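Only one structure is covered here, and it is reproduced in the block below.
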Amino acid sequence: MQHDGSLRSAIHRLTVTPVDDLPRISSFLASSLANHDLEKLFLDSKENASIVTGHRLKTRVTSLLQDRNPSGRSSASILIKTLIDNGGPQLLASSAPWARGLLSCLNKSDTPEVKKLYLTTITRLFVLTQDQPSLVREITTPLLPTLISACLNLIRPMTINTTEGKTILVASPLLDTVLECWLRLLPHHPTVFRPFVNRIKPICLSLLSKDDSTETSIVLGTELLCSLISCAPKAAIVQEWTQASSSLIQSIHDISNQVLRGVIEEHQSNDPSLLTSLTRRDLSKPPEQSNTDKLGMGGWVGITSGCARLSKLLAWLQCLISTPTSQAVPVRLGMIVDTISRLMDLTVADSKAQGGSRLKFHSEVSREEKEELLLNLPRLHVSCLCLLQTAISTYGQATLPLYEIIINQILELTGTMMFHVKVREASYDLMRAILETMSPQHLDVDRKAFSNLINSCCGDLKSGHAEFSNESTDQVKDISFSATATKGTALSSFNHHTSIYQAAWKLLPIALGPPAYMLLTRQVRIEADRLSILLNHREAMLASVMNPVISKNGKATNASILPFLARSSPNLPAVEALLRPRFPIRPVQVSEPSTNQRTGDSHTSEDVSNTFVHSNGQGTENKDQEVPAIDVQVPPAEDVHRAKSPLKRPLEETNPRLPSLFSATPAGEEPESKKPRSENDTIKSAMITIQGDSQDGKEIYSTAASDFTSQVQTEEVLVPASQLIGQPNNTPLNAQQGRNMEIADSDESDFEIPTIDPEMDTDEEEDDED
């Protein structure tokens with residue numbers, strides 16, 4: 001009742017509120033409706049008592065959608081999205097009038113923000129119908145072409161008059177929203193988009209050609225270009241994909257020939273068609289491309305524009321190889337790696353970096369062109385590293401033959417371009433992707449270069465930490481490994497906002513892991529362990545503990561940081577497993593044959609002679625009779641500890657009326673009274689000595705009777721009579737009676753095997769004696 005009352009209250013407020021005031025409370029009403037079970041409001045059932053309320057709500061929303069006031073239409077758009085998300089299939093099946101109404105609102109003169117609401121709502125409506133073929137035929141297929149045509153009109157460039165009297169064209173504010181809507185709908189309805197490919201593709205190419213396009217628009221345009229390949233006929237998808245990838249690689253090489261015209265390149269491509277021409281170019285003019293290239297993109301002028309175009313084409317190729325296709329397509333990874341190698345071989349050393357520059361220019365090249373190229377090289381390197389990382393994550397094991405080439409390229413690049421932040425960040429991400437899939441110790445990898453990369457990773461972690469960045473290097477070395485430094489202080493000063501810090505943070509435990517820890521030098525390993533302690537990096541400390549550096553003699557060369565890990569993360573399950581490993585304890589079983597035959601004084605290795613030590617300290621040895629044997633099982637440590645506790649007198653001895661299954665006294669009979677014993681006699685009688693033969697001589701094995709008793713209490717097994725230690729020679733045990741062990745009991749013999757009592761313990765007699 002309370003649920004229906006609050007729902008009726010929300011609908012009543014929607015009805016009585018003026019249309020101009022609805023935008024202010026539309027979000028509140030939408031959240032209130034989303035918290036209710038709206039699906040039962042729209043069920044077509046005679047037993048549904050809320051169907052009138054649901055009909056009232058739909059009527060009010062429909063009237064607002066047809067209102068002349070933009071406030072009513074925008075409020076209706078917000079409420080429609082809430083209703084179709086929570087109203088169930090019954091409401092979604094009847095939402096065709098809302099879809100037509102939203103499409104008609106796109107042609108009205110509303111503000112761009114309101115039209116974004118329309119586009120978002122109708123796109124959500126079409127997405128929800130994808131899993132229902134009947135709704136796709138009734139709603140999406142007839143109305144989606146209308147939406148595409150309306151969107152093409154919305155993204156036309158806008159003409160703006162400047163203060164100087166000139167008119168300029170600017171991009172539509174709805175461009176990004178329209179591109180995102182197309183990306184959501186195109187993979188599920190490629191045949192509907194097929195007639196519009198020739199109109200959509202030039203729009204995306206123009207975004208990549210212009211230098212003033214926003215980064216978001218470039219990314220959305222690139223993804224849409226890759227998705228348009230699925231609009232081709234089924235038999236032509238493979239051909240379209242192959243042609244697009246080949247055109248991209250060829251365009252990258254063509255632009256590289258223009259941008260790198262003043263560089264003496266040492267790289268030689270494996271493809272003869274991609275070899276650099278040896279003809280001299282006119283270096284007096286800046287590099288340019290005036291005509292449209294093979295991809296349909298416009299021209300460019302200057303080194304900076306050419307490098308920007310190269311970066312966009314590399315991002316396009318990266319998106320192309322990661323976009324899923326409906327059919328299997330052949331990917332020429334060799335051509336991709338060859339193209340990347342040409343650009344990554346162009347490195348320049350910083351004044352502080354070790355190693356020389358691999359960039360050589362022609363003598364005719366101007367100084368301005370050299371400096372402009374050096375300024376744009378890091379952008380190309382970052383694009384190449386991102387492309388390699390996408391190829392590894394997409395194709396996985398297929399790229400294993402290229403790992404050695406890729407790792408060497410990374411190490412050579414970082415050896416000279418380590419001064420650039422973005423290059424280091426991309427190198428960390430790519431190296432982490434490689435180390436997670438393959439061990440580099442089987443490859444020809446420079447250990448010193450790899451250690452330098454991890455050392456740079458540690459340096460970035462220090463720079464991202466406020467405690468390290470505010471102090472000098474000498475002061476950092478004096479930081480003590482205190483509990484406060486490893487817990488509270490270190491955690492409070494992390495800088496998680498920098499992307500390079502996050503990349504270095506993720507690479508550190510991988511570098512200390514099993515694939516790569518053997519490639520680190522001792523100095524870098526110590527620095528990595530020390531930094532993981534100071535930063536309280538649990539994954540890195542755990543990786544260091546699990547992978548110690550072992551010398552040729554089999555000993556650890558560095559001290560383990562397990563104490564610091566245990567102090568900083570005592571509740572971590574992995575730390576608990578390292579500190580207190582609990583392996584399953586299997587009892588050691590020593591079995592003897594059930595029947596031992598002896599003749600005279602001759603003994604074999606299987607004969608067992610039992611010597612019982614009585615309270616008077618004298619032993620009695622039985623030789624002429626059959627001696628029972630037993631399967632002796634070594635109890636666990638916890639059982640042995642429990643067995644050392646004082647023996648308890650069974651309840652049957654204190655209460656004769658209670659029968660016992662473990663006592664030799666029949667039920668209803670009172671046991672004979674026992675003589676009081678001294679403390680020394682009791683201790684001596686608790687010892688059992690098992691004397692066995694060996695090849696060299698007799699060996700004496702002693703154990704406490706309480707240990708044997710504890711083992712019997714723990715292990716519920718049937719002990720044969722022939723295997724019971726301490727039985728008189730003429731006292732057999734019936735194996736069918738289980739634990740009913742008949743123990744000889746008389747006042748003449750002070751020896752006694754304590755019985756097992758599963759009941760409550762009452763030590764009345766012992767208390768009386770005390």
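Bear in mind the structure is a predicted one, so any value in this text is a computation, not a measurement.
Here the CG-CD distance, from Leu224 to Glu180, works out to 11.5 Å after rounding to the nearest 0.5 Å. Here the CD1-CG distance, from Ile434 to Leu388, works out to 7.5 Å after rounding to the nearest 0.5 Å.
Counting heavy atoms from C-beta on, the side chains of Leu578 and Met546 come closer than 4.5 Å. Looking at heavy atoms from C-beta onward, Leu169 lies out of side-chain contact with Ile160 at the 4.5 angstrom threshold. Side-chain contact between Lys234 and Ser326 is absent, with no heavy-atom pair separated by less than 4.5 Å. Looking at heavy atoms from C-beta onward, Val219 lies in side-chain contact with Glu223 at the 4.5 angstrom threshold. Side-chain contact between Thr222 and Leu208 is present, with heavy atoms from C-beta onward closer than 4.5 Å. Annotation: side chain of Leu313 is in contact with side chain of Met297 (closest heavy-atom distance under 4.5 Å). Proximity of Thr111 to Lys115: side-chain heavy atoms (C-beta onward) are nowhere separated by under 4.5 Å. Under the 4.5 Å side-chain criterion, counting only non-hydrogen atoms from C-beta, Leu430 is in contact with Ile392.
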Exercise. Ser311 and Ser383: side chain to side chain donor-acceptor pair (under 3.5 Å), yes or no, with the steps?
Worked result: CA-CA 6 Å; Ser311 179; Ser383 301; 2.9 Å; yes

For this session: Take Tyr118 and Ser74, measure what side chain to side chain donor-acceptor pair (under 3.5 Å) needs, and give me the verdict at the end.
Result: CA-CA 8 Å; Tyr118 301 155; Ser74 62; 6.0 Å; no

Problem set entry | Working for side chain to side chain donor-acceptor pair (under 3.5 Å), residues Thr62 and Trp98 | CA-CA 7 Å; Thr62 304; Trp98 286 348; 3.0 Å; yes

Exercise. Does the side chain to side chain donor-acceptor pair (under 3.5 Å) test come out yes or no for Thr216 and Asp176, once each step is laid out?
Worked result: CA-CA 7 Å; Thr216 305; Asp176 295 345; 5.0 Å; no

Problem set entry | Working for side chain to side chain contact (heavy atoms under 4.5 Å, CB included), residues Glu39 and Asn86 | CA-CA 7 Å; Glu39 188 172 356; Asn86 303 276; over 6 Å; no

Problem set entry | Chi angles and distances behind the side chain to side chain contact (heavy atoms under 4.5 Å, CB included) call for Gln66, Arg73 | CA-CA 7 Å; Gln66 299 173 356; Arg73 295 194 294 267; over 6 Å; no

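The minimum heavy-atom distance between Thr121 and Ile84, with the atom names listed, is O-CD1, 4.2 Å. Between Leu175 and Ser217, the shortest heavy-atom contact is CD2-OG, 4.2 Å. When every heavy atom of Met541 is checked against every heavy atom of Ser532, the shortest pair comes out as CG-OG, 3.6 Å. Here the shortest heavy-atom pairing between Thr323 and Cys319 reads OG1-O, 2.6 Å. Counting all heavy atoms, side chain and backbone alike, Pro173 lies closest to Met158 at CD-SD, 3.3 Å. Closest non-hydrogen pair, Val575 versus Ala566, comes out as CG1-CA, 3.8 Å.
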Please table the atom pairs, donor to acceptor, closer than 3.5 Å between any side-chain atom in residues 183-201 and protein atoms at least two apart or in another chain.
| from | atom 1 | to | atom 2 | distance (Å) |
| --- | --- | --- | --- | --- |
| His188 | ND1 | Gln130 | OE1 | 3.4 |
| His188 | NE2 | Gln130 | OE1 | 3.2 |
| Arg194 | NE | Cys231 | O | 2.7 |

Side-chain donor-acceptor pairs under 3.5 Å in residues 136-154, sequence neighbours left out?
| from | atom 1 | to | atom 2 | distance (Å) |
| --- | --- | --- | --- | --- |
| Thr140 | OG1 | Thr129 | OG1 | 2.6 |
| Thr141 | OG1 | Val136 | O | 2.9 |
| Ser149 | OG | Pro145 | O | 3.1 |
| Asn153 | OD1 | Arg156 | NH2 | 3.3 |
| Asn153 | ND2 | Ser149 | O | 3.3 |

